[in-house]
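Accompanying notes for the structure given below.
Residue numbers start at 1 and run along the sequence shown.
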Amino acid sequence: MSRRFRGESHHKVDAKGRVSIPASFRRVIEASDPNWQSGAAPELVIVYGDHRRNYLECYTIQAIEEVDTKIDALPRGSMERKMLQRLFHGQSFPTAVDETGRLVLPAKLRQKIGLDKEAFFIAAGDTFQIWAPETYEAEEAAKTEAWLDELPDDFDPLIFLDGGKED
């Protein structure tokens, strides 16, 4: 099993769109790039997707290859394959981490998610997301709080790992 991203953090974005990646995230990117070697720039793919996506999803090379394999398994000419190719191949940006541990986010991507002076990074297993902090708070944090508020105070989310069966 490949390494997973863990944690969350805020990082400054400079006028050129450069933003530091959390150091622990860089180790996962390196370990999940089959072509990476010490001293080289590890690669990743940023999927920005359609108009409904308010964040950037960053895939390691290993993770995006898994997605590509599943897309390739769909029948040629099927609407599902065409749409997934558009979302994951067309609406994506291959890039690399620079020698100082930063990503350069093009203006198009920053504008799409409303990213200005600060970026919020949050782990999502074999990917991580980059959000404008205020968007994350308004959308995702609010969803999580609302979901938790509907559950009993003594509810343990680990129950979902066993298919919802209580012991």
Side-chain angles (χ1 to χ4, degrees), residues 1-74 81-145 161:
M1 172 174 267
S2 62
R3 294 179 66 180
R4 300 280 181 190
F5 294 102
R6 304 228 182 255
E8 61 184 34
S9 60
H10 288 83
H11 294 267
K12 299 286 183 206
V13 179
D14 73 13
K16 294 180 181 178
R18 295 177 297 204
V19 60
S20 291
I21 298 174
S24 64
F25 286 19
R26 282 181 258 161
R27 302 298 81 83
V28 177
I29 295 166
E30 291 166 355
S32 301
D33 180 350
N35 297 320
W36 181 79
Q37 36 190 303
S38 185
E43 297 179 323
L44 68 152
V45 175
I46 301 173
V47 176
Y48 54 89
D50 63 57
H51 67 283
R52 298 168 301 160
R53 189 178 285 232
N54 295 324
Y55 58 93
L56 306 175
E57 187 95 25
C58 300
Y59 285 77
T60 64
I61 296 302
Q62 193 173 44
I64 201 69
E65 286 176 352
E66 289 174 20
V67 171
D68 290 346
T69 298
K70 290 180 180 186
I71 292 171
D72 291 347
L74 296 170
R81 182 170 175 161
K82 288 178 184 177
M83 290 299 108
L84 288 170
Q85 286 172 326
R86 185 165 296 135
L87 293 170
F88 287 90
H89 300 161
Q91 296 176 333
S92 65
F93 176 70
T95 190
V97 179
D98 75 13
E99 63 279 352
T100 62
R102 297 180 301 187
L103 282 178
V104 178
L105 299 173
K108 174 183 176 178
L109 300 188
R110 295 192 317 269
Q111 290 166 357
K112 182 181 185 304
I113 66 167
L115 197 62
D116 190 22
K117 296 183 186 323
E118 188 175 43
F120 177 70
F121 287 74
I122 186 159
D126 64 351
T127 66
F128 64 92
Q129 299 169 352
I130 302 174
W131 289 80
E134 56 281 356
T135 305
Y136 182 83
E137 287 299 318
E139 294 183 16
E140 293 303 303
K143 281 182 199 173
T144 301
E145 287 176 26
L161 298 178

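Partner of H11 under the ring pair (Phe, Tyr, Trp, His ring centres under 6.0 Å) criterion, chosen from W131, F128, F121: F121.
Using a 4.5 Å heavy-atom threshold, the side chains of I122 and I130 count as separate. The shortest distance between side-chain heavy atoms of F120 and Y55 does not fall below 4.5 Å. Taking 4.5 Å as the limit, every side-chain heavy atom of L105 sits out of range of all side-chain heavy atoms of T95. Put simply, the side chain of N54 reaches to within 4.5 Å of the side chain of E139, judged on heavy atoms. Side chains of L44 and V97 form a contact here, defined as non-hydrogen atoms less than 4.5 Å apart. Side-chain contact check for R81 versus D72: some heavy-atom pair is nearer than 4.5 Å. Contact check for R3 versus V28: side-chain heavy atoms found under the 4.5 Å cut-off. Residues D33 and Q62 are not in side-chain contact: their nearest non-hydrogen atoms beyond the backbone lie 4.5 Å or more apart.
R110 places no side-chain N or O within 3.5 Å of a backbone atom of D116 that could act as its donor or acceptor partner. A donor-acceptor contact shorter than 3.5 Å is absent between the side chain of T127 and the backbone of A123. Remark: the backbone N or O of I29 is not paired with any side-chain donor or acceptor of S32 at under 3.5 angstrom. Side-chain atoms of K12 never come within 3.5 Å of backbone atoms of V19 as a donor-acceptor pair (strictly under, hydrogens ignored). No donor-acceptor pair under 3.5 Å is formed between the side chain of K112 and the backbone N or O of L56.
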Evaluation steps, side chain to side chain contact (heavy atoms under 4.5 Å, CB included), between L103 and R18: CA-CA 6 Å; L103 282 178; R18 295 177 297 204; over 6 Å; no
Working for side chain to side chain contact (heavy atoms under 4.5 Å, CB included), residues Y48 and K108: CA-CA 10 Å; Y48 54 89; K108 174 183 176 178; 3.3 Å; yes
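The local environment of CZ in R6 is sparse, with at most 12 non-hydrogen atoms from other residues, nucleotides or ligands closer than 6.0 Å.
Minimum heavy-atom separation, A41 to A96: CB-CB, 4.0 Å. Closest of all the heavy-atom pairs between Q129 and A124 is NE2-CB, 4.3 Å. Heavy-atom minimum distance, F93 versus V104: CE2-O, 4.1 Å.
A salt bridge links R52 to D50: at least one charged side-chain nitrogen sits closer than 4.0 Å to a carboxylate oxygen.
Interatomic distance, I64 CD1 to S92 OG, rounded to the nearest 0.5 Å: 6.5 Å. Atoms CZ and CD1, from R86 and I71 in turn, are 12.0 Å apart once rounded to the nearest 0.5 Å. Q85 CD to D68 CG: the interatomic distance, rounded to the nearest 0.5 Å, is 9.5 Å. Separation of atoms NE2 (H89) and NZ (K82) is listed at 15.0 Å; rounding is to 0.5 Å.
Aromatic ring pairs are classed by plane angle as parallel below 30°, tilted from 30° to 60° and perpendicular above 60°; the pair F25 and F5 is perpendicular.
Residue pairs meeting the salt bridge (Lys or Arg N to Asp or Glu O under 4.0 Å) criterion with at least one member in residues 35-46, sequence neighbours excluded, do not occur.
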